[in-house]
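Please read through the structure below; I'll follow up with questions.
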Amino acid sequence: MKVLVTGGAGYIGSHVVKLLGEYGYEVLTYDNLSTGHKWAVLYGKLVVDDLADRNKLKKIFEEFRPDAVMHFAAYIVVPESVREPLKYYINNVVNTINLLEVMEEFRVNKFIFSSSAAVYGIPEKIPVPESARLNPINPYGGTKATVERILRDLSNSGKNFRYVSLRYFNVAGADPEGKIGFAYPNPTHLIIRAVKTAKGEFERLYIYGTDYPTPDGTCIRDYIHVADLASAHIVALEYLLEGGRSDVFNCGYGHGYSVREVIEATKKVTGKDFKVIEAPRRKGDPPVLVADNKKIREKLGWEPKYDDLEFIIKTAWNWEMKQKW
Ligand code: UFG
């Protein structure tokens with residue numbers, strides 16, 4: 001079975017490419033390397049090009065003839081999306097349309113989409129089920145919700161197109177074997193900031209908001225290990241290959257940790273103390289974001305292996321310690 005992976009040189013994509021390779025799938029990564037890295041692609045061929053280049057895409061489809069497509073390539077920084085919405089809609093929506101059109105032309109009808117918990121905005125119910133109303137509060141979430149809408153319409157068009165959309169919660173950690181991990185400049189995510197602060201790369205870690213309606217006043221998130229997220233893609237692919245119908249699934253563990261809990265766990269795992277500053281709230285942060293993951297467990301038989309905050313931090317730390325800075 002052949003799988004075309006866009007964004008396969010990026011953080012999440014590269015972990016999925018690794019697992020696909022280990023499962024014996026033939027993989028082709030299509031990535032413009034804007035944030036990805038050649039070294040991160042551990043299996044299959046890497047084609048360095050952009051999704052905006054439809055002719056190049058067609059050529060790749062003609063040569064590789066994929067059975068399915070996994071689509072990771074996207075911009076992901078929420079505050080940047082607020083400042084540059086068109087940049088986000090063009091890359092995340094227009095380029096996805098390019099890809100879907102080429103898929104249609106080559107009669108490739110199985111698609112796995114990297115969606116986000118950002119589609120929910122501030123959910124009314126926690127843990128949030130997939131049936132919750134989509135109400136993104138930033139352009140990044142808007143792009144993901146827009147693509148989900150397009151996929152639903154395409155799937156209902158009678159063209160035999162089938163997709164699985166995976167709504168990621170807070171993805172963290174690195175390959176347990178230490179071969180790949182997070183490698184973007186200027187990271188903003190909590191666990192990566194915390195381990196980099198423990199390492200000494202940053203002088204202090206800021207807590208954005210201590211007056212939230214949570215037990216310790218800081219935001220709660222559902223942190224999922226990137227290797228478990230990768231295995232969710234494998235079960236989703238198997239489901240589509242076996243004829244499963246289009247569907248949407250949350251990817252999280254179903255419970256969360258506060259910012260303070262993450263900081264304490266980071267200090268414990270790394271054995272390093274570091275300066276923590278309480279700062280005002282960051283714009284657009286929902287107080288609590290936790291997945292209801294019953295659907296993916298029951299329908300796709302997904303079984304996470306690394307539901308352990310300290311293990312998540314440990315793999316991120318081990319990876320970070322191997323990096324030069
Ligand atoms: N935080 C800090 N200090 C930091 C970094 C983060 O206190 O240095 C806090 C944030 O304010 C937030 C929590 O830690 O309360 C988690 O923040 P992250 O930036 O790690 O992650 P987000 O929850 O903001 O973002 C994630 C995904 C996005 C997605 C979003 C949906 O990374 O892609 O969830 O809300 F859009």
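As the structure is a computational prediction, the values presented were derived from the model and not from experiment. For this chain, numbers begin at 1 and follow the sequence in order. Each ligand, and each atom within it, is numbered from 1 in the order the structure gives.
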### Message
Using modelled atom types and a 3.5 Å cut-off, is there a donor and acceptor pairing between side-chain atoms of E320 and backbone atoms of K196?
### Response
no
#### Entry: N170 and ligand 1 - part of the residue with a heavy-atom distance under 4.0 Å
side chain
### Query
Taking atom 7 (O) of ligand 1 as the point of reference, which of Y208, Y257, Y223, Y212 owns the nearest heavy atom?
Y208
### Task
Quickly, which of L57, N32, N98 forms a side chain to side chain contact (heavy atoms under 4.5 Å, CB included) with L51? Name it, please.
L57
### Query
Hey, what's the ring geometry for F111 with F161, parallel, tilted or perpendicular (30° and 60° as the breaks)?
tilted
#### Entry: For T188, atoms of ligand 1 separated by under 4.0 Å from a heavy atom
5 (C), 19 (O)
### Query
Against heavy atoms of C219, which atoms of ligand 1 measure under 4.0 Å?
15 (O)
### Summary
Numbered in order shown, the ligand 1 atoms found under 4.0 Å of a heavy atom of L205 are 8 (O)
### Query
Can you list the ligand 1 atoms lying under 4.0 Å from a non-hydrogen atom of Y140?
33 (O), 36 (F)
### Task
Mind telling me whether Y184 and Y11 have parallel, tilted or perpendicular rings, with 30° and 60° as the class edges?
perpendicular
### Message
Closer than 4.0 Å to some heavy atom of D285 - which atoms of ligand 1 meet that?
### Response
10 (C), 11 (O), 12 (C), 15 (O), 24 (O)
### Task
Kindly indicate whether the side chain of H233, heavy atoms from C-beta on, has any atom under 4.5 Å from the side chain of L166.
yes
### Task
Answer yes or no: is there an ion pair linking E124 with R133, defined by an N-O contact shorter than 4.0 Å?
yes
### Query
Looking only at non-hydrogen atoms, which of L190, V119, T218 approaches atom 20 (O) of ligand 1 most closely?
L190
### Task
May I ask you to identify the nearest protein heavy atom to atom 14 (O) of ligand 1, giving residue, atom name and distance to one decimal place in Å?
V259 CG2, 3.5 Å
## Note on the structure
One finds that the ligand 1 atoms under 4.0 Å from a non-hydrogen atom of L289 are 31 (C), 35 (O)
## Note on the structure
The option among R221, R282, H189, K144 carrying the non-hydrogen atom nearest to atom 17 (O) of ligand 1 is R282
#### Entry: Minimum heavy-atom distance between P139 and Y89, given as atom pair plus value
O-OH, 3.8 Å
### Those atoms of ligand 1 less than 4.0 Å from some heavy atom in I207
7 (O)
### Positive for side chain to side chain contact (heavy atoms under 4.5 Å, CB included) with L20, one of I234, T29, L42
I234
#### Entry: S116 to ligand 1, any heavy atom closer than 4.0 Å
yes
#### Entry: Element-labelled atoms of ligand 1 that are located less than 4.0 Å from some non-hydrogen atom of V78
36 (F)
#### Entry: ligand 1 versus V171: contacting region, heavy-atom distance under 4.0 Å
neither
#### Entry: Protein contact of atom 30 (C) of ligand 1 - nearest heavy atom, named by residue and atom, plus distance
A118 CB, 4.4 Å
### V235 with F249, same ILVMFWY side-chain cluster at under 4.5 Å
yes
### Query
Does ligand 1 have a heavy atom under 4.0 Å from the side chain of V262, from its backbone, from both, or from neither?
neither
### Query
Between Y206 and ligand 1, which part of the residue brings a heavy atom under 4.0 Å of the ligand: side chain, backbone, both or neither?
backbone
### Task
Would you kindly confirm whether W317 and I180 end up in one hydrophobic cluster when ILVMFWY residues are joined by side chain heavy atoms under 4.5 Å apart?
yes
### Message
Is it true that N138 and Y88 share a donor-acceptor pair across their side chains at a distance under 3.5 Å?
### Response
no
